[in-house]
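Throughout, numbering of the chain's residues begins at 1 and tracks the sequence. In each ligand, atom 1 is the first atom listed, and ligand 1 is the first ligand listed.
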Amino acid sequence: MDNEILKERLTEDKYSEWKNKELIQEYNELSEAIQKTTRGFLGYPLNENSGLSAFYKWYMQSGLLDLVLNNAGDPTLPSHLNVDSLCIEKKVIQDFAQLFDFPKDGFWGMVTAGGTDGNNHGIYFGKRTLWEQSKETPILYVSDQAHYSNRRLGHLQGMEVRIVPTDEMGCMIPSEFEKALDPVKPALIVFAMGTTFKGAIDDMETLNKIIAKKKVKYVYRHVDAALFGGYLIFTGLAHLVSQQKQGYDSIAISGHKWFGVDEPCGIMLCTQKVFAMQKSDSVPYLAMDMPMISCSRCAQSPMKLYWLLHTRGKYGYVRDAYVCLQNAKYLYKELCKMNYPAWLGPASNTVFFKKPCEEIMHKYTLAPDYDSRLCGDMAHIIVMQHVRQPLLDRFLRDLRMSLQ
Ligand SMILES: *Cc1c(COP(=O)(O)O)cnc(C)c1O
C-alpha cells in the first residue's frame with residue numbers, strides 16, 4: 001500500500017480511537033449482552049458455534065481488511081470486476097451440487113443473501129420456466145406451516161398462492177393438496193423441508209404421486225430446505241434432499257443456520273434444464289447475461305462457506321448432525337418422562353412442546369406459536385451445534401421447577 005495512504009489511515013484510526021470512546025463502550029455493552037444470550041439460546045436455528053475465528057485471523061493478515069469486495073455476476077462465468085471471490089463461489093456451488101446429488105454438470109447455482117433470497121430465486125426461476133413452457137402464470141402451492149417468505153414471494157411475483165392445510169405434525173395433507181391442485185394450470189409447488197416451527201418435512205413422494213394422478217402438465221418443484229437441508233445431507237436420510245432421487249427443480253439452503261456463517265447467506269441450486277429456461281438480461285458493464293435478480297452479492301460469504309466446508313469438513317458436519325439429532329431425541333424423551341406435552345417429527349432437530357412460563361421463554365429466547373389441535377400455546381427448541389446436553393439439562397431443571 002502507498003505509504004502516504006497508510007500514514008493517513010493510521011492517524012485516522014488514532015483519531016477515531018480517541019474520539020469514539022463512548023461508541024466503543026456502547027459496542028462493548030452490546031457484545032456482552034449478545035454473549036450472555038447465546039449461553040442459553042434455544043429458540044432459533046442459528047449455529048452459535050460457528051468456528052470462523054481462524055478465517056478472521058487470516059482475513060486480518062491477508063491485506064483485504066480495508067478493501068471492498070463484491071461478487072456481482074454469475075459465479076459460473078469468468079470474473080469481470082476482479083475484486084470478487086467468484087472463483088471460490090463456483091467451488092462452493094460445485095461442492096453443494098455434489099452434496100445434494102445433482103447430476104455432474106447438470107446444475108447451476110449461487111451463494112445467496114439468505115434462505116429468503118434462495119426461495120425468491122427458486123420461485124422466480126420456476127415462474128419463468130413454467131411461463132416459457134405454457135405461456136401461463138402458474139399457481140403457487142405451499143403449506144400453511146412453510147416459511148412465510150414463500151407466501152410473500154408468491155404474492156410479490158404476481159401469482160395466485162394456494163395455502164394447503166397441514167396435519168398436527170406440520171406436514172402438508174396430501175388429500176388437501178389434491179383438493180387444492182388445479183390440473184389445468186401450471187403448478188409451482190414449494191415443498192417445506194423442515195417447517196419453521198414444527199420442523200415438518202413435506203412428503204414429496206406422496207405429493208408427487210398426486211401430481212401424476214391429476215395429470216398436471218406443467219410442474220415446477222422448489223424445495224425450501226433452509227435449515228434441514230444443511231444437516232440432512234450429512235445423515236443416512238440424505239436421499240430426502242437428493243435432486244436425482246426426489247426430482248426437484250431448485251432448492252434453497254441457508255448458510256447462517258446449520259453451517260454457521262456469521263452473516264445471513266445461503267445457497268441456491270437448480271438444474272441446468274431450469275437454468276437454460278431463464279432468459280437472461282444482457283448487462284454490458286458486467287459483460288454477461290445476468291440471470292439473477294440481485295446484482296451486488298457478498299464476497300465474504302462464499303469464502304466463509306468454503307472455509308467451513310474444508311475446516312469443519314464433511315466429517316465434522318456428519319458428527320454435528322448425529323449429535324444434534326441425538327440431543328433432540330434426548331430432550332423429547334426427557335419431556336415425555338415428565339409427562340410434559342411434547343412432539344418431535346422424524347429427521348427433525350426441532351422439539352415443540354407446551355409453552356412454558358414467560359420467565360423461561362425469555363431466559364432461553366424461545367419462540368411461541370399456537371395450535372388448538374395440540375396444546376394451544378406452544379414453544380420450540382431447535383437443537384443446533386451449541387445446544388448440548390448440559391444446556392438442555394439446565395432448561396429441563398428450570399422447567400421442572402417452574403411447574404412445582
Ligand atoms: C429460516 C428459514 C427461512 C428464511 O431464511 P432466511 O435465511 O432467514 O432468509 C426460510 N425457510 C425456512 C424453512 C427457514 O427455516
Side-chain angles (χ1 to χ4, degrees), residues 41-48 50 92 96 100 109-124 126 140-157 161 163-164 166 169-172 188-204 221-233 240-241 248 250-269 292-294 297-298 300-302 304-305 308 324 328 345 347-352 365-369 380-385 387:
F41 190 71
L42 295 179
Y44 294 86
L46 300 180
N47 169 0
E48 294 295 356
S50 102
V92 171
F96 273 94
F100 283 86
M110 65 171 183
V111 173
T112 63
T116 303
D117 192 29
N119 286 338
N120 197 25
H121 281 82
I123 291 170
Y124 180 63
L140 188 143
Y141 302 89
V142 66
S143 89
D144 62 11
Q145 283 287 310
H147 191 261
Y148 79 91
S149 65
N150 296 298
R151 298 193 289 275
R152 287 251 174 198
L153 294 166
H155 289 140
L156 179 70
Q157 298 190 27
V161 176
I163 307 288
V164 185
T166 50
M169 290 304 283
C171 300
M172 195 186 269
L188 202 170
I189 301 142
V190 175
F191 294 110
M193 193 46 101
T195 59
T196 315
F197 194 83
K198 291 175 174 170
I201 297 176
D202 286 336
D203 182 351
M204 273 197 256
R221 297 166 176 88
H222 174 71
V223 180
D224 177 5
L227 168 64
F228 282 31
Y231 67 79
L232 282 175
I233 46 176
L240 290 175
V241 282
Y248 56 79
S250 56
I251 188 164
I253 309 113
S254 289
H256 56 289
K257 290 183 174 174
W258 178 258
F259 294 98
V261 176
D262 59 345
E263 71 223 355
C265 69
I267 302 100
M268 182 269 182
L269 293 165
M292 61 272 271
I293 304 165
S294 3
R297 292 179 305 111
C298 183
Q300 286 80 16
S301 302
K304 290 174 182 173
L305 272 167
L308 287 170
C324 288
S348 168
N349 71 338
T350 306
V351 182
F352 54 106
T365 325
L366 300 184
D369 201 3
H380 71 180
I381 285 179
I382 304 184
V383 182
M384 299 296 288
Q385 283 92 331
V387 182

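In summary, the side chains of Glu263 and Ser301 do present a donor paired with an acceptor at a separation below 3.5 Å, with no hydrogens or angles considered. Side-chain contact check for Thr196 and His147: no donor-acceptor pair (N or O, by modelled atom type) lies under 3.5 Å.
Considering only non-hydrogen protein atoms, atom 7 (O) of ligand 1 sits nearest to Gly115 N, 2.6 Å. Among all protein heavy atoms, the one lying closest to atom 9 (O) of ligand 1 is Thr116 OG1, 2.6 Å. Here the heavy atom of the protein found nearest to atom 12 (C) of ligand 1 is Ala226 CB, 3.3 Å. In terms of protein heavy-atom proximity, atom 8 (O) of ligand 1 is closest to His256 NE2, 3.9 Å. At the top of the distance list for atom 13 (C) of ligand 1, counting protein heavy atoms only, stands Gly194 O, 3.3 Å. For atom 10 (C) of ligand 1, the nearest protein heavy atom (residue, atom name, distance) is His147 CG, 3.2 Å. Of the protein's non-hydrogen atoms, Lys257 NZ, 2.9 Å is the one closest to atom 14 (C) of ligand 1.
Between Asp224 and ligand 1, at least one N/O pair is under 3.5 Å apart. Taking any N or O of Ser149, backbone or side chain, none lies under 3.5 Å from an N or O belonging to ligand 1.
Panel note: side chain Tyr231, backbone Ala347; a donor-acceptor pair is recorded below 3.5 Å.
Taking a cut-off of under 4.0 Å to the non-hydrogen atoms of Gly114, the atoms of ligand 1 that pass are 7 (O).
Nearest heavy-atom pair across Gly43 and Ala367 is O-CB, 4.1 Å. The heavy-atom pair separating Ile293 from His121 by the smallest distance is N-NE2, 3.0 Å. Residues Cys171 and Ile201 approach most closely at SG-O, 3.5 Å, considering heavy atoms.
By the 4.0 Å heavy-atom criterion, Ser254 is counted among the residues contacting ligand 1.
Ring geometry for His380 versus Phe197: interplanar angle under 30°, hence parallel rather than tilted (30 to 60°).
Aromatic pair Phe96/Phe259: centroids less than 6.0 angstrom apart.
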